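In what follows, a single structure is set out as structure tokens and then discussed.
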Amino acid sequence: MKNFIIKNQHCLITVTLIALFMIMSLYTIDTYARAGGGGGSSGGSGGDGGGLIGILIYIIFMIPFPWNFVVIGLIILLGWWGNKKNKQQTVLNQLPMANMMDKQKVITNYMQQNPTFDVETFKAKVKQAFIQIQEAWMLKDMGKVRKYISDGMYQRLNIQFKMMNILDQKNIIENLLVKNIIIDKIEYDGRFDIIHAAIHASIVDKFISSKYPQLNSGGTEEFVEYWSFIKKRGIKEANLFDSQNCPKCGAELPKNAGDVSQCSYCKTITNLGDYDWILSEMTQADDYIGVHPKASKESALAIKVNELVKSDEDFSIQNIEDKASNGYLQIITANTLKDSTIMRRFVSDELYERLSHFNEDNIVYNRIYLNDVTLIGASQSDNKNILSIAIKSSYQRVMLKDGKATLLDSMVLSKTETVLMSRDVNHGLSKGSLYAHSCPSCGGPVKDTIDTKCQYCEAELNSTKNEWIITDILGVSEYRNYYQENKDDFVASIGIDKIESLYDVRDYAFNNVLVVMAANGKFELQELDMAQKLAKKWGYKVDRIQPMFDMAKNGSLIIRMPEDQKKRQKIFKLMEKAAAIDGMVSAEEKQLLENVKQQYIQAA
Ligand SMILES: [Zn+2]
Ligand SMILES: [Zn+2]
């Protein structure tokens, strides 16, 4: 009899532990994929209410009274404690309040030059854009927001909708709360002004696929994100955010606008910055703090390039970067859908030849977003201006076969490629944008087609006469070679190595250490303490990197590695060290390190 009780107690303890373990796993935070394009490693097993109820029923019937209720009591207590801990940690999430005096000076200065500019009106527009875009994202319908987002921005969202549709995914957003908005920086770019706004918000975000549930992820998160708005200098601000009417003639704007945001009556294009602030970029906190002043819109290179193309009133660095992102994403879409008509019109014949051999496998992106798009060089040859634009992207691929989805990348990876764009030095007046499906020679609409002649004016579409044409896409070392070979043609450059050094070994290591620490879905106090110490030791201003802590906690930081193998090994060693800091390397940490090793470290 005694023996039986002891045995039973063992059993009870085991059952209790299993139940507690299962409940605990429900409280871990999964990753997310909201409109801003955040969303690190795929979440996998997202817990839900159904699972919880199942476990509760199991406990009530399988564990004898009164122990079943003791266990349930413990679970409730743990849940409450877990939530409380989450709330405490989100205190880390802060807006960049450092140098507020300097920021205020910049704004005051701007207001002196632009007396009609009103900070509160601007912030209200940012808030409206933020809320409307999250809604558009959830509904996969950009009707209401198309008029004030750039073509590149449209493409960033559009490509994700296409991938989500293939994977039968939807993103459900609840409890969206904008906590605060501040103006972080104002830049001057050609005839345009750019305002970078920091947005502090929280959201409940679930990424769901009924067909491939293993890709599901989501959870609650609090974050800071940077949204950049561009406008032509000195124009009178209309309000594109509050109205669905054409800012020029007042007619109703089309609700189903796609690649072009144009009034059907007066034909004006609404999103070129002639009427209001246009959303042109969304940047995650970790990418934003990595942006080097050398790569700003006011760098020596940027000023030189604006000088080069000053005959073109609509040119700005932001605009060319937007075109590059737009084309780059359409090329990825063409490749995924194995449809060359999507990219034919804006790539050179030579590049087209190379790009149109598609992979046999059915590969789709579970995540694809652009982290950073930066002009890094300008050259001239054969009476053409050639601009080099570095694009850093994050992606996670999935292979579809026999109705099953297999993750090709166990985590979100990042890579940098450089897009070369050419246009004649003596170019004609551009009447449209190929990237937005309109003919640069006559402004007529252009469909997805492999025909390179405009059906209205017969002009050659992919000609460098009136439009920037993509002539090449190069990896980091390819670009380095290209630069060496064509050095004499370069008018100005910041060099791909500088782009890499925007993010030096220390930055990579710190970023990756945070990813390792958060690998088990939590950010233990001990680990937080270690991260703060490391930040201090490596000379970071803690207030500048605080958003990174929160991203780590949300699981939305991604592994980043430089090209250089030696640097990679150094970084990997630091990551191993960080994993062992709390006395043991967890299974998740082990898995992550193993993946990183496979993807990034060459066998000696
Ligand atoms: Zn109109
Ligand atoms: Zn034409």
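First listed ligand is number 1; within each ligand, the first listed atom is number 1. Computed from a predicted model, the values in this text were never measured in an experiment.
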Practice prompt. Would you confirm whether the ring centroid of W137 sits within less than 6.0 angstrom of the ring centroid of F161?
Written response: yes
Discussion item. So, with waters excluded, how many protein N/O/S atoms does the Zn ion (ligand 1) have closer than 2.8 Å?
Written reply: 4
Worksheet item: Should the pair K415 and Y395 be classed as cation-pi, given the thresholds of under 6.0 Å to the six-membered ring centre and 45° from the axis?
Response: yes
Worksheet item: Run the salt bridge (Lys or Arg N to Asp or Glu O under 4.0 Å) check on R345 and D448 step by step: do they pass?
Response: CA-CA 8 Å; R345 63 194 190 281; D448 280 345; 3.4 Å; yes
Worksheet entry | Chi angles and distances behind the salt bridge (Lys or Arg N to Asp or Glu O under 4.0 Å) call for E237, K231 | CA-CA 9 Å; E237 263 183 59; K231 182 178 78 59; 5.0 Å; no
Worksheet item: Protein N, O or S atoms at less than 2.8 Å from the Zn ion (ligand 2), how many?
Response: 4
Discussion item. Using the ring pair (Phe, Tyr, Trp, His ring centres under 6.0 Å) definition, which of the options F130, Y148, W277 pairs with W227?
Written reply: F130
Worksheet entry | Y352 side chain to S340 side chain, donor-acceptor N/O pair below 3.5 angstrom | yes
Please list, one pair per line, the donor and acceptor atoms closer than 3.5 Å that link side chains of residues 375-382 to other protein atoms, with sequence neighbours excluded.
from	atom 1	to	atom 2	distance (Å)
Q380	NE2	N385	OD1	2.7

Worksheet item: Do the rings of Y482 and F490 sit parallel, tilted or perpendicular, given the 30° and 60° boundaries?
Response: perpendicular
Worksheet item: Under the salt bridge (Lys or Arg N to Asp or Glu O under 4.0 Å) rule, what pairs show up with a residue in residues 150-159, not counting sequence neighbours?
Response: R146-D151
